[in-house]
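These notes concern the structure reproduced below.
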Amino acid sequence: MKKSIIFFLLALSLGACSSAQEQVIFPSDDSTSLNPIIQKHDTIHGYKSVINEEAILVAISINRFDRFNKTKIEKKLTKQIEKAFPEKEVLVSGDQKVMWEVESIIEQKPKKEDLKKLIEKIKSLSKEET
Amino acid sequence: MISSLVTAFIVGGLICVIGQIFMDVFKLTPAHTLSTLVVLGSVLDGFGLYEPLIDFAGAGATVPITSFGNSLTHGALAEAEKHGLIGVLTGMFEVTSSGISAAILFGAIGAFIFHKRKTMY
Amino acid sequence: MDQQQFQKIVDEKNPKVPYFMNIIKAFIVGGIICTIGQLITFFYMRFFPFTEATAGNPTVATLVFIAMILTGTGIYKKIAQVGGAGSAVPVTGFGNAVISAAIEHRSEGYVLGVGGNMFKLAGSVILFGVLSAFVVALIKTILVNIGVISW
């Protein structure tokens with residue numbers, strides 16, 4: 001009985017690992033140079049990104065077992081994206097909260113000024129320490 | 001989402017298994033077991049290994065008592081990185097563990113609300 | 001009766017520790033508590049401005065609050081009888097130790113009873129937590145300063 005529960009949980013955890021790459025960028029026309037950078041990383045199975053004139057936010061979904069190296073992956077990707085977008089402030093995060101916030105921005109489709117405020121909000125959130 | 005819950009279950013469960021082994025095999029009292037685990041968490045953070053574990057397992061790593069040793073060490077190390085040796089001391093006093101403050105507060109409230117009975121195991 | 005015989009009788013009289021079952025029980029009970037913790041973390045992240053890094057604190061506080069209710073109503077004692085270390089190792093176990101001591105000694109007054117006895121069990125955890133944090137941070141800082149390792 002108890003063994004079957006453990007097997008069930010194991011099967012669940014393995015099944016949850018295999019999901020296809022998911023990419024959403026807002027506004028959608030800015031995708032050209034972001035896509036190839038992230039696709040090179042096989043530790044990431046999807047990303048959602050928001051871009052305006054000053055900043056670029058990238059929320060990435062890191063594979064379960066690569067999450068041990070979350071900070072390293074974030075740093076590496078930040079450097080690479082900074083190279084591609086030298087004039088913009090880059091924030092890369094594997095945090096679920098940032099992912100949810102980016103998703104809500106994409107759903108809302110805000111105007112320019114609102115977008116700026118929302119991006120600032122996420123930035124200050126992700127800088128907070130425990 | 002579901003995979004986060006499963007990893008939290010497995011990692012949290014494994015840390016508890018380590019505690020159970022301390023209690024059964026090495027015949028430690030619960031107080032000794034918890035103290036050992038706190039020291040373990042602190043040492044792991046010294047090697048920079050506990051934060052990756054939290055990134056991996058979420059609540060599976062923050063809920064067991066090992067995270068208490070980790071948060072204390074982490075505060076001390078963060079200050080030490082900024083201010084050198086003095087920072088080790090000031091960092092110790094700066095960090096608070098929400099677990100301890102919560103336990104003190106709710107302990108007092110609990111003593112106020114609940115009647116005396118055998119509640120300990 | 002020599003020492004060996006005595007030991008044999010003692011071993012026979014003592015119930016054998018069911019190592020395997022205890023470990024399974026600790027794994028499941030501890031795992032369930034951590035899963036509930038993960039659900040609370042998701043709740044705080046979804047509805048409040050907390051990230052994965054900062055949601056740990058409110059989660060722990062909430063779990064200790066739940067531990068207070070369960071301790072006061074005597075349910076935590078029953079969980080502990082099943083779970084062993086699975087109920088003692090999560091922060092709820094720490095909360096249970098503090099809160100149950102506070103409740104039991106209330107009759108001696110708030111200052112001497114509650115205040116004085118609250119940390120009878122949990123005090124050692126705090127002592128060794130602070131002490132080891134100090135030692136580890138000190139060693140690491142010294143090692144960094146003499147250039148053996150980097151941050």
Side-chain angles (χ1 to χ4, degrees), chain B residues 1 4-5 8-10 12-17 19-21 23-25 30-31 33-35 37-39 42-43 45-46 58-60 62-65 67-69 72-73 76-77 80-81 84-85 88 91-92 98-100 102-104 106-111 113-114 116-117 119-121, chain C residues 17 19 22-23 26-28 30-31 33-35 37-39 41 52 56-57 59-61 63-65 68 71-72 74 76-77 80-81 84-86 88-91 93-95 98-100 102-104 106-107 114 118 121-122 124-126 128-130 132-134 136-138 140-141 151:
Chain B
M1 217 66 186
S4 296
L5 294 176
F9 183 93
I10 292 174
L14 285 179
I15 295 174
C16 294
V17 166
Q20 188 70 50
I21 290 172
M23 277 159 79
D24 282 354
V25 180
T33 306
L34 293 191
S35 304
L37 283 173
V38 166
V39 174
S42 163
V43 171
D45 190 55
T62 55
V63 169
I65 200 77
S67 77
F68 171 52
L72 282 173
T73 314
L77 282 174
E81 207 173 338
L85 274 179
V88 176
M92 297 283 336
S98 56
I100 291 182
I104 295 173
F106 294 134
I109 294 173
I113 299 174
F114 294 106
K116 180 184 169 178
R117 63 165 91 183
T119 46
M120 219 161 10
Y121 66 92
Chain C
V17 183
Y19 292 108
N22 277 356
I23 281 174
F27 181 73
I28 289 174
I33 292 173
C34 291
T35 311
Q38 186 66 44
L39 285 172
T41 305
E52 272 174 21
N57 281 339
T59 302
V60 164
L63 279 174
V64 173
F65 176 77
M68 175 188 90
T71 303
Y76 206 86
K77 193 183 156 199
Q81 280 163 353
V89 171
V91 275
F94 177 80
V98 172
I99 293 159
S100 59
I103 294 175
E104 269 175 47
R106 187 177 66 155
S107 55
V114 175
M118 216 180 207
L121 268 138
S124 60
V125 172
I126 297 174
F128 284 104
V130 172
S132 70
F134 179 72
V136 167
L138 197 66
K140 193 164 181 185
T141 313
W151 293 112

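Note that this is a predicted model, so its numbers are computed, not measured. We name chains A, B, ... by the order of the sequence lines, and we start the count at 1 in each one.
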Worksheet item: For C:Met68, is it the side chain, the backbone, both, or neither that has a heavy atom closer than 4.5 Å to a heavy atom of chain B?
Response: both
Worksheet item: Where is the tightest heavy-atom contact between C:Ile28 and B:Phe9, given as atom of each residue plus distance?
Response: O-CE1, 3.9 Å
Fill in: Closest non-hydrogen atom pair between B:Phe106 and C:Val64, with its separation
CD1-CG1, 3.8 Å
Worksheet item: Side chains of B:Leu34 and C:Phe128: does their closest heavy-atom pair fall under 4.5 Å?
Response: no
Item to complete: Please determine, among B:Pro64, B:Gly13, B:Gly60, the option with the most heavy-atom pairs under 4.5 Å with chain C.
Response: B:Gly13
Fill in: Candidate pair B:Val25 and C:Tyr19, rule side chain to side chain contact (heavy atoms under 4.5 Å, CB included), full reasoning
CA-CA 8 Å; B:Val25 180; C:Tyr19 292 108; 3.9 Å; yes
Worksheet item: For chain C, which of B:Ile113, B:Val88, B:Val38 has the most heavy-atom pairs under 4.5 Å?
Response: B:Val88
Fill in: Closest approach of B:Ala8 to C:Cys34 (non-hydrogen atoms, all atoms of both residues)
O-CB, 3.6 Å
Worksheet item: Under the criterion side-chain contact (heavy atoms from CB on, under 4.5 Å), which of B:Val63, B:Ile15, B:Thr62 is the partner of C:Pro90?
Response: B:Val63
Discussion item. Among C:Val98, C:Val125, C:Val130, C:Val60, which residue has the highest count of heavy-atom pairs closer than 4.5 Å to chain B?
Written reply: C:Val125
Worksheet entry | Contacting region of B:Ile104 [heavy-atom separation from chain C under 4.5 Å] | both
Practice prompt. Heavy-atom distances under 4.5 Å only: say whether B:Leu37 touches chain C with side chain, backbone, both or neither.
Written response: side chain
Fill in: Donor-acceptor contact present, side-chain C:Gln38 to main-chain B:Ala59, <3.5 Å
yes
Worksheet item: What heavy-atom pair brings B:Ala111 and C:Val114 nearest, and what distance separates the two atoms?
Response: CB-CG2, 3.9 Å
Discussion item. Using heavy-atom distances under 4.5 Å, tell me whether C:Thr41 contacts chain B through its side chain, its backbone, both, or neither.
Written reply: side chain
Discussion item. Which heavy atom of B:Gly46 sits nearest to which heavy atom of C:Val136, and what is that distance?
Written reply: CA-CG1, 3.5 Å
